[in-house]
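All values below were derived from every heavy atom in this structure, side-chain atoms included, with hydrogens, water molecules and symmetry-related copies excluded. Chain letters run A, B, ... following the sequence lines, proteins first and then strands; every chain starts at 1.
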Amino acid sequence: MSQQFPFLSDHSHLHEARYRKIDALRAEGRNAYPASFDATHLAATILGAEEEYIDKPERVVCVMGRVGPIRAFGKSAFFHVTDRSGKIQIFVNAKAIDAEGFRTYKEFLDTGDIVGVTGVVFRTKSGETSIEARSLALLCKNARPLPEKWHGLTDKEARYRQRYVDLIVNPDVLETFRTRSRLVASMRRWLDEQEFLEVETPMMQPLYGGASARPFVTHHNTLDMDLFLRIAPELYLKRLVVGGMHRVYEINRNFRNEGISTQHNPEFTMLELYAAGWNAATMMDFVEELLIEPLRLATGRTTIVLDGREVDIARRPWPRVTILEALERHCGIKVDWKMSLSDVKAAAGGHHVPDEVHGPIDAIIHLFETHVEHHLVEPTFITEFPKAVSPLAKSKDDDPEVADRFELYVNRMEVANGFSELNDPAEQFARFAEQVERRRQGDLEAVGTIDEDYVRALEFGMPPTAGLGVGIDRYTMLATASPSIRDVILFPLMRPESSAAEATPEDQGAGKDES
RNA sequence: GGGCGCAUAGCUCAGCCGGUAGAGCAGCGGACUUUUAAUCCGUUGGUCCCAGGUUCGAACCCUGGUGCGCCUACCA
């Protein structure tokens with residue numbers, strides 16, 4: 001028995017048996033954890049060209065992967081080995097395998113072990129292309145048994161906390177994250193083809209801005225200064241447009257110190273891009289392509305599942321509806337931005353307007369969010385937001401009170417948000433000042449400081465520019481038909497397990513400098 | 001933040017009206033040379049989430065707590 005066992009608080013008698021086997025391996029002078037192994041084939045390579053391999057004894061193959069459930073018959077056995085490409089069945093036969101390999105199987109092999117298998121390919125009686133093992137190398141013992149083979153791991157908490165187990169036993173999970181990776185890769189390729197430049201801007205910011213949200217605060221010891229984790233990269237990216245990067249994008253994390261739900265994780269991934277010369281309308285055309293093409297490349301289709309039915313999002317253009325039209329269409333509420341609060345309340349009829357609303361505009365936005373959003377299932381652009389809720393957006397040329405802005409809704413979620421960027425420094429300064437005033441009056445989502453450097457940048461001149469933000473997690477939810485954002489984030493934020501809950505930030509080295 | 005629900009073996013789950021812990025899989029021992037949840041025989045394994053309370057007696061009832069899920073509200 002390994003002297004260390006049990007070294008974790010979370011252990012059981014099952015682990016003990018596995019550690020005994022590891023000790024037995026060592027007692028024979030064998031390395032339980034060899035450093036490397038040269039596989040020559042992937043499972044998918046063999047299965048994708050099986051006729052080239054079947055019954056060709058000269059074509060020896062060698063694969064490496066994790067052992068699945070073992071079906072043992074005394075002097076023979078079947079099991080699958082899973083590598084990064086998929087899985088292939090292994091047939092261990094006392095007559096065909098070398099003596100050491102058979103003994104390794106018989107004495108030491110468990111479900112979940114990592115093995116290297118060398119052998120030749122054949123087809124079994126039941127028709128499955130398989131490898132008949134000539135030798136078997138144990139590359140890593142599984143010391144902690146996998147969940148049950150039939151039901152797998154279903155407990156959502158365990159799946160999110162121990163994603164590694166989830167990935168091993170639930171193939172759909174691997175597929176979801178493969179799709180996510182492909183979506184992002186195709187998006188990058190698409191943007192690069194359109195001559196966008198990918199950049200990385202600060203996530204730790206002395207001043208935060210670019211959205212309405214509450215930030216996380218952290219601290220730099222040497223500089224002895226508080227920093228905010230960014231809620232958006234917007235203000236830095238537009239500085240780059242000023243600097244001449246006329247097509248620029250960033251795909252990375254934002255952090256918002258707000259609620260957690262099936263649609264919200266405190267850190268989430270956003271694509272933000274800016275294109276000089278464009279406006280909100282050209283950006284809407286672009287968004288359609290930007291969301292359709294990666295979906296086609298990543299999944300091979302252009303359909304997504306909405307309310308249980310397949311919807312082809314490649315049918316363009318997507319409807320573009322002003323926020324006021326949407327209110328009238330879905331709720332029969334006829335309002336406009338010039339109305340007084342009492343007029344809005346009267347027009348709302350039976351639709352409740354809470355007393356906390358700050359004014360008529362707030363009331364209209366509230367009506368939209370509570371009564372219209374849940375109707376927006378198929379991709380729909382909502383346009384013409386009021387200037388007051390769009391402090392970084394330019395007004396429409398023909399209506400100074402309305403921002404040249406859109407939000408894209410799919411499956412009742414806001415998936416993208418874009419607008420013509422305000423590039424008038426004096427007006428931007430005034431809008432910031434309004435935010436500071438709102439903050440002073442208690443709006444915790446309003447930014448309480450004017451970013452003077454950003455206004456200074458605008459003074460150097462930014463060309464007419466349109467900007468866009470796309471929630472990558474939500475886009476992935478749509479592409480993979482995932483009901484929760486936690487299903488598309490590998491390690492969603494969870495409260496610590498009890499054993500970790502005791503540790504303070506100081507224990508973990510986060511204390512301030514002693515000097 | 002509000003509401004509803006869940007927590008029992010490594011995993012998936014039973015556990016009736018409160019009477020003292022069960023199954024399948026996994027594990028361990030045995031039989032078995034073409035299986036696909038292999039089969040057959042035997043068998044180990046429990047902080048019933050935690051802390052109190054009620055009771056002769058609590059997995060079960062009550063109170064408080066912890067974690068998670070779903071709905072709802074806000075942010076994307």
Side-chain angles (χ1 to χ4, degrees), chain A residues 9-18 20-21 68-80 87 89-97 102 110-112 122-128 130 132 142-162 165 169 210-215 231-232 253-272 354 356 365-366 369-370 373-374 407-410 413-417 443-445 469-475 477 483-486 492 494-501:
Chain A
S9 56
D10 173 27
H11 67 273
S12 79
H13 65 286
L14 294 180
H15 309 117
E16 202 172 326
R18 297 287 170 95
R20 252 197 308 272
K21 284 190 184 177
I70 301 169
R71 299 175 288 279
F73 302 84
K75 294 202 164 53
S76 74
F78 289 92
F79 54 86
H80 284 85
K87 60 183 179 179
Q89 182 168 257
I90 308 297
F91 178 47
V92 168
N93 179 345
K95 267 189 203 158
I97 195 169
F102 188 73
D110 286 303
T111 301
F122 75 111
R123 205 190 294 275
T124 64
K125 208 184 268 180
S126 52
E128 179 165 351
S130 307
E132 185 180 60
N142 167 291
R144 182 174 288 261
L146 293 171
E148 197 220 357
K149 59 189 171 190
W150 187 241
H151 298 94
L153 187 68
T154 60
D155 180 76
K156 288 196 177 185
E157 179 177 355
R159 293 179 57 189
Y160 296 146
R161 286 192 195 280
Q162 301 180 45
V165 184
V169 300
S212 297
R214 300 174 65 178
I231 58 172
R253 232 67 64 78
N254 292 333
F255 307 86
R256 299 192 182 173
N257 204 341
E258 294 178 348
I260 294 178
S261 78
T262 50
Q263 292 177 23
H264 301 86
N265 193 62
E267 56 177 310
F268 64 101
T269 301
M270 210 155 70
L271 160 67
E272 268 202 26
E356 308 90 75
I365 297 287
H366 180 269
E369 285 172 351
T370 50
E373 273 188 13
H374 66 271
E407 287 186 349
L408 172 67
Y409 284 84
V410 190
M413 290 187 294
E414 186 188 337
V415 174
N417 176 15
D443 183 349
L444 293 175
E445 286 180 358
V470 176
I472 296 297
D473 313 278
R474 290 182 177 179
Y475 178 49
M477 289 169 70
S484 168
I485 199 166
R486 294 187 195 93
M494 307 280 276
R495 283 198 167 81
E497 289 179 89
S498 52
S499 58

field: B/S/- contact track for nucleotides 68-74 of chain B, protein heavy atom under 4.0 Å
entry: SSSS-BB
task: Mark up nucleotides 36-42 of chain B, 5' to 3', with B wherever a protein heavy atom is under 4.0 angstrom from a base atom, S wherever such an atom reaches only the sugar-phosphate, and - elsewhere.
output: BBB----
Which is true for [X] with a 4.0 Å heavy-atom rule: it touches a base, it touches only sugar-phosphate, or it touches nothing?
X: A/Tyr409; answer: nothing
X: A/Arg18; answer: sugar-phosphate
X: A/Lys87; answer: nothing
X: A/Asn265; answer: base
X: A/Gly152; answer: sugar-phosphate
X: A/Leu14; answer: base

For [N], what is the paired nucleotide under Watson-Crick or G-U wobble rules, both distances under 3.5 Å?
N: B/G57; result: none
N: B/A7; result: B/U66
N: B/U43; result: B/G27
N: B/U34; result: none

- prompt: Taking only residues two or more places apart in sequence, or in another chain, which ones meet A/Thr370 in a side chain to side chain donor-acceptor pair (under 3.5 Å)?
  reply: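 In terms of side chain to side chain donor-acceptor pair (under 3.5 Å), with neighbours along the sequence ignored, A/Thr370 is linked to no residue.
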message: Assess whether a salt bridge exists between A/Arg144 and A/Asp10, defined as any Lys/Arg side-chain N lying under 4.0 Å from an Asp/Glu carboxylate O.
response: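 Yes, charged N to carboxylate O under 4.0 Å.
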- prompt: Within the side chain of A/Glu148, is there an N or O that forms a donor-acceptor pair under 3.5 Å with the backbone of A/His151?
  reply: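 Answer holds: yes.
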- prompt: Got a donor-acceptor contact below 3.5 angstrom from the A/Asn93 side chain to the A/Ser76 backbone?
  reply: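 Pair absent, no side-chain N/O of A/Asn93 close to backbone of A/Ser76.
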message: Syn if the chi torsion is within 90° of 0, anti otherwise; quick check, which is B/C70?
response: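 This nucleotide is in anti.
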task: Hey, which sits more toward the 5' end of RNA chain B by its nearest nucleotide, A/Asp110 or A/His13?
output: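 It is A/Asp110 whose nearest nucleotide is closer to the 5' end.
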Considering only atom [atom1], compute the distance from [N] to [M] and round it to an integer number of Å.
N: B/G52; M: B/C13; atom1: P; answer: 30 Å
N: B/G3; M: B/A14; atom1: C1'; answer: 29 Å
N: B/C60; M: B/U20; atom1: C1'; answer: 12 Å
N: B/C49; M: B/U12; atom1: P; answer: 15 Å
N: B/G10; M: B/A51; atom1: C1'; answer: 27 Å
N: B/U44; M: B/A7; atom1: P; answer: 27 Å

- request: Assess the side chains of A/Ser130 and A/Gln89: does a donor N or O sit below 3.5 Å from an acceptor N or O?
  value: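 There is such a pair between these side chains.
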query: Can you tell me how far P of B/A7 sits from CZ of A/Arg159, to the nearest Å?
result: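 About 19 Å, once rounded to whole Å.
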